[in-house]
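Right, one structure below, let's go through it.
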Amino acid sequence: MIAVLKQGVTEKQRDSLISWFETLGLSVHISEGEFHTVLGLIGDTSKVDTELIEGLDIVETVTRISDPFKSANRKFHPDDTVVEVGGVKIGGGNFAMIAGPCSVESHDQIIEIAKSVHESGAAMLRGGAFKPRTSPYDFQGLHADGIELLLEAKKITGMPIVTEIMNANHLPLFEHVDVIQVGARNMQNFELLKELGRTDKVILLKRGLANTLKELLMSAEYIMAGGNEKVILCERGIRTFETYTRNTLDLSAVPMLHELTHLPVVIDPSHATGVSRLVKPMAMAAAACGADGLIIEVHNNPAKALCDGPQSLLPEQFADVARSVMTIREAIGK
Ligand code: PEP
Ligand code: MN
């Protein structure tokens, strides 16, 4: 349920209304807009008398929200959320490119790639240290050493780092990680999401292979319900009957999610297609339809990559993609 307050309501009036809602067992999400304050009421609102609240002279309107996601809901928070991390902003008109290898493989590999993507305009560095591989015999990542190498690359380039968590027990290793990625396979690992909701880290939440946008938003809700509202959503392709591409990029997720939620939405054209030559057109299309950012796999030697080589761009190809994406951003007036 949301209650929109009238213009000119004092802080004291607002706070006493909030306290009253809290005595009814509800938690209250406050969104201060330019003209109005929106109070989002979360909990069992079935016994709340809407007419009574609407009758209060400081309340403009009261609306019941039937969507199961509340904190993530655009109706609760009409303005775009801008997630800020290490000086980088994403959302609300701020566009950020995240680039780097699928997995951190060695000191020289990550430092070389980090320097080159930084020069080409990447705002953040990605690199997997814990890799969710289909086969237990494939490279599983460098684990703690991989995170150390990312931190070294961060020190050299100044770029915030993004890396995936697979187990909440590993959280202490992520202390200096800027953005924690929840991969597609863990989108509905609810215990992990709850744990991340208790941290103050920015979370990059990827859509599951076969999950609806509503399910993605409900997973964001798990994180936000714990008090962590710094969530970035990522569409990375879904599984369909198509086989020429690794997944099918659901670009309509961008405008649809922008309608439904205030959270930033980024596109991962690398996992969405699985084919390096398709990354550029899909990255440009993502920028054209209003994505708040991109996450792109880049490797200095894709043929020898330990993970996801076929979809990885060379650093110079990433530079070309970054330029074309900026041209699109300008063309759409951003
Ligand atoms: C990745 O980012 O390398 C990754 C494993 O992504 P996803 O979870 O989208 O498959
Ligand atoms: Mn990958």
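As the structure lists them, so they are numbered: ligands from 1, and atoms in each ligand from 1.
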Worked check of salt bridge (charged side-chain N to carboxylate O under 4.0 Å, His left out) between Glu191 and Lys194: CA-CA 5 Å; Glu191 291 305 318; Lys194 281 189 219 167; 3.1 Å; yes
Which residue and non-hydrogen atom of the protein lie closest to atom 8 (O) of ligand 1, and at what distance in Å? Ala184 N, 2.7 Å
If we ignore hydrogens and angles and just use 3.5 Å, is the side chain of Arg126 paired with the main-chain N or O of Ile295 as donor and acceptor? no
Please verify whether a non-hydrogen atom of Cys102 lies at under 4.0 Å from ligand 1. yes
When Val104, Val179, Ile161 are each screened for side-chain contact (heavy atoms from CB on, under 4.5 Å) with Leu125, the one that passes is Ile161
Side-chain donor-acceptor pair present, His29, Ser71, cut-off under 3.5 Å: no
So is Gln181 in contact with ligand 1, going by heavy-atom distances below 4.0 Å? yes
What are the atoms of ligand 1, with element, lying closer than 4.0 Å to any heavy atom of Gly183? 8 (O)
Between His77 and Glu229: side-chain donor-acceptor atoms closer than 3.5 Å: no
Please answer whether the main-chain N or O of Leu313 pairs with a side-chain N or O of Gln317 as donor and acceptor at a distance below 3.5 Å. no
State the atoms of ligand 1, each with its element, that fall below the 4.0 Å cut-off from a heavy-atom position in Glu297. 3 (O)
Does Glu164, backbone or side chain, put an N or O under 3.5 Å from an N or O of ligand 1? no
Got a donor-acceptor contact below 3.5 angstrom from the Lys206 side chain to the Glu235 backbone? no
Angle at the Mn ion (ligand 2) between SG of Cys102 and OD2 of Asp308, to 10°? 90°
Exercise: do His258 and Asp292 side chains pair donor with acceptor under 3.5 Å: yes
Nearest non-hydrogen protein atom, atom 4 (C) of ligand 1: His271 NE2, 3.5 Å
Proximal ligand 1 atoms for Lys131, defined as those under 4.0 Å from one of its heavy atoms: 1 (C), 3 (O), 5 (C)
Name of whichever N/O/S atom of Glu297 is nearest to the Mn ion (ligand 2): OE2
Taking N, O or S atoms only and a limit of 2.8 Å, check whether Cys307 reaches the Mn ion (ligand 2). no
Before you tell me yes or no, could you show the steps for Arg207 and Asp250 under salt bridge (charged side-chain N to carboxylate O under 4.0 Å, His left out), namely the whole-Å CA-CA distance, both residues' side-chain angles and the distance that decides it to 0.1 Å? CA-CA 10 Å; Arg207 182 180 184 180; Asp250 176 12; 2.8 Å; yes
Ranked by distance from atom 6 (O) of ligand 1, the top protein heavy atom is Lys206 NZ, 2.9 Å
Suppose I only count heavy atoms of Arg236 and a 4.0 Å limit; which atoms of ligand 1 are within that range? 7 (P), 9 (O), 10 (O)
